[in-house]
Structures are given as structure tokens and as C-alpha cells.
Amino acid sequence: MRIKKGLAVFKFMYFFTCFFFLFSNTAFAYIDPSAVTYVIQAVAGVFIAVGAACTIYRHKIAKFFRKMKKKQSRKKHNKEMESDE
């Protein structure tokens, strides 16, 4: 089964490589520096958004576990108070 998957991947890569080299055209194009700046800004924006989302969810998860820890400590404290009486 693994050999068949490996062979299929190899065939795809071989076809893709041949297709890329046979049908590619040389382009004498100029990339304006401001266009590259826009791309960098877009990539930076994506990273910042992903980082913000991770931070938000990290805080939510930490808050959930803090609440659970408080509940457990309250239960433990209540049990200790009941056993003292």
C-alpha cells in the first residue's frame, strides 16, 4: 500500500516537473519595489492576525483552567471546613 502511494507521488512530481519545464515561458518583467512592499505588508498582516488570534485563545484557555482550579480549591476548602466541624 505504501509503495503504491509512493509511486503515485513520484509520478505526480515527475509529471509536474516535466510540465513546468516544458511549458514555462521566460518573462522579462520588472517588479516595482512598491509591489514587493505591499506583499510584505500583507504577509506581516497575516502573521499579526494569527498571533493575535492565538493570544486571545490562549488567554481564554488559561482563564478556563484558572476557574476550574478555583472551583477545586473551594471544594477542597469546604470539605476541610466540614471535617473540622
Could you point out which residue of V43, V39, T37 forms a side-chain contact (heavy atoms from CB on, under 4.5 Å) with Q41?
T37
Do the non-hydrogen side-chain atoms of T17 and F19 ever get within less than 4.5 Å of each other?
no
Cluster check M13, F16: I/L/V/M/F/W/Y, side chain < 4.5 angstrom
no
Rounded to the nearest 0.5 Å, what separation is found between the NE2 atom of H59 and the CZ atom of R66?
9.0 Å
What is the distance from atom CZ of F15 to atom CZ of F10, rounded to the nearest 0.5 Å?
14.0 Å
Common cluster, I61/M68, ILVMFWY with side-chain heavy-atom separation under 4.5 Å
yes
OH of Y38 to CG of D32, rounded to nearest 0.5 Å, is 9.0 Å
Nearest-0.5 Å distance that lies between atom CD in Q72 and atom CZ in F65:
10.5 Å
